[in-house]
Amino acid sequence: MLEINYIREHTQEVIERLARKNVDATARINSIIAIDQKRRDTQKLLDDQLGELNIIAKEVGQLFKEGKQQEANLLKVRTVELKASAKKFEDQLQAILQELNEMLVLLPNLPHASVPAGKTPDDNEIIHSEGEMPKLTADAVPHWDLCSRYDIVDFELGNKITGAGFPVYKGKGARLQRALINFFLDNAVAAGYREIQPPLMVNEASAYGTGQLPDKDGQMYFATIDKLYLIPTAEVPVTNIYRDVILKAAELPVKNVAYSNCFRREAGSYGKDVRGLNRLHQFDKVEIVQVEHPDRSYETLEVMKEHVAGLLRKLELPFRVLRLCGGDMGFTSALTYDFEVFSAAQEKWLEVSSVSNFESFQANRMKLRFKDENGKTRLAHTLNGSALALPRIVAALLENNQCAEGIKMPAALQAYTGWSMID
RNA sequence: GGAGAGAUGGCCGAGUGGUCGAAGGCGCACGCCUGGAAAGUGUGUAUACGCCAAAAGUGUAUCAUGGGUUCGAAUCCCAUUCUCUCCGCCA
């Protein structure tokens with residue numbers, strides 16, 4: 001959530017930058033500023049009433065002590081009207097605050113200066129490409145066919161047990177999952193991240209904290225009886241560790257990594273994009289999350305980007321890095337790099353990681369702060385990235401490494417799988 | 001699920017109607033002491049919002065959360081949430 005003070009002091013800039021996310025916020029910003037003015041005026045009135053009330057209360061106490069009942073009772077009369085008007089202002093203030101918050105919470109984050117203008121994924125800027133494109137034989141097939149040929153991922157069985165988007169991993173497929181998870185976690189820990197095993201369900205406050213609510217309401221599975229959300233990413237519980245926390249400057253950066261299942265309803269998705277492992281309701285992901293000093297968050301974003309690139313390199317997958325354009329960026333992000341691997345048999349790029357700097361957007365929602373060098377309390381910056389999400393990595397590994405004998409595993413994974421070939 | 005106890009500052013912990021944003025201790029910061037350190041000692045040490053150009057200052061709110069009683073609530077009442085203990089169930 002954007003800071004109200006910032007909006008007030010940089011009104012025109014905020015409007016212009018939101019326009020780069022294709023959001024015309026002029027009217028909204030203007031009414032936010034008007035409401036904020038009303039908020040301050042009302043609070044002044046309220047505080048004055050309460051202040052007078054406090055003074056009278058003290059005087060009454062003093063008079064009682066001195067045995068001056070009469071005078072005390074006289075003063076009490078005044079409190080009746082004061083309390084009435086205080087109540088009135090209090091109600092007004094509450095209503096104003098709620099209105100203000102509802103508007104603020106619906107404003108997306110401001111894009112970083114380097115974010116290209118654009119509306120669709122076609123406008124994303126390709127900033128890096130790397131790796132050999134695999135040359136497959138004519139009889140190469142998409143991963144869903146490989147999954148059934150080698151009986152490693154069973155979509156039909158998932159349909160039976162749960163429904164579409166909940167595949168069952170079997171045999172070497174299951175082992176490959178476990179290998180990738182450990183491979184990703186080990187790499188993150190080697191890079192200085194602390195391993196976290198978070199809850200897979202979160203409460204409403206946490207879902208608000210990282211910005212899933214109210215923006216993505218309806219995209220999360222919700223356990224109604226207990227009012228808990230299944231996490232769409234480990235980012236939610238891991239970042240919320242620091243909700244309402246004030247860190248010391250020396251504690252920054254905070255680096256956490258978590259493996260978790262991720263649950264997404266993906267309401268509105270359809271067609272061939274959802275085929276096989278391309279889009280699932282439940283999938284596995286290793287997420288890296290950092291809390292960083294505002295002065296260093298963009299350097300850190302680059303480091304995180306390199307970490308992800310290193311993983312793909314070790315997996316010997318051809319990949320490219322995109323800087324997302326304003327229109328394709330997430331609600332909460334200021335700058336996002338997407339990683340895509342080339343899935344040879346589908347002949348398309350699959351998004352496998354998204355690395356973002358949220359600046360103070362999440363921090364402001366969850367009141368994640370730190371004491372800076374001068375002892376001032378400031379909002380921290382939060383960043384996260386997938387390192388990595390499994391299903392599309394699996395899809396690419398299967399498709400790109402298929403050969404007559406089976407599917408070859410990259411060398412870096414063999415220590416984790418215990419075998420070199422799916423056959 | 002049943003019965004009971006509880007929730008106070010970064011932590012421990014005192015506080016049952018006013019002088020309480022809250023004793024005391026620990027921790028932390030800075031200073032003194034020291035060759036340096038420990039010990040000792042002094043001072044300071046919550047957050048948010050408002051007023052003020054701003055620092056200083058000052059107003060308001062906050063003792064789990066939300067209501068209520070009262071001139072006045074950490075303290076009394078009600079509801080909710082959470083924690084702990086015992087019982088039940090259970091990997």
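Residue numbers start from 1 in every chain, and the chains themselves are labelled A, B, ... in the order their sequence lines are given, proteins ahead of strands. It should be emphasised that the depicted structure is a prediction, and the values quoted were computed from it without experimental measurement.
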Per atom distances to the A:Gln43 side chain, the nearest of B:C49, B:G68, B:G18 is B:C49

Scan every strand shown for a Watson-Crick or G-U wobble partner of [N], both distances under 3.5 Å, and answer none if you come up empty.
N	answer
B:A53	none
B:A48	B:U60
B:U16	none
B:C90	none
B:U83	B:A5
B:G40	B:C32
B:A74	none
B:C26	B:G10

Tell me whether the OP1 or OP2 atom of [N] has a side-chain N or O from [X] closer than 4.0 Å.
X	N	value
A:Lys371	B:U45	no
A:Asn54	B:A61	yes
A:Thr79	B:G72	no

Mind checking if [X] touches a base, just sugar-phosphate, or nothing, with heavy atoms under 4.0 Å?
X	result
A:Arg39	sugar-phosphate
A:Ile246	sugar-phosphate
A:Leu50	sugar-phosphate

Ignoring hydrogens and angles, state whether a donor on the side chain of A:Tyr150 or A:Asp423 is under 3.5 Å from an acceptor on the partner side chain. no

Pairing donors with acceptors under 3.5 angstrom, does anything connect the side chains of A:Gln177 and A:Asp284? yes

Can you check whether A:Ser353 reaches A:Asp338 side chain to side chain, under 4.5 Å on heavy atoms? no

On RNA chain B, does the nearest nucleotide to A:Arg40 precede the nearest nucleotide to A:Thr377 from the 5' side, or the other way round? Give the residue. A:Thr377

Assuming nearest nucleotide by heavy-atom distance, tell me which of A:Gln94 and A:Asp48 is located more 5' along RNA chain B. A:Asp48

Under a 4.0 Å N-O cut-off, is there an ion pair linking A:Asp372 with A:Arg378? yes

Hey, does the side chain of A:Ser148 reach the backbone of A:Trp144 with a donor-acceptor pair shorter than 3.5 angstrom? yes

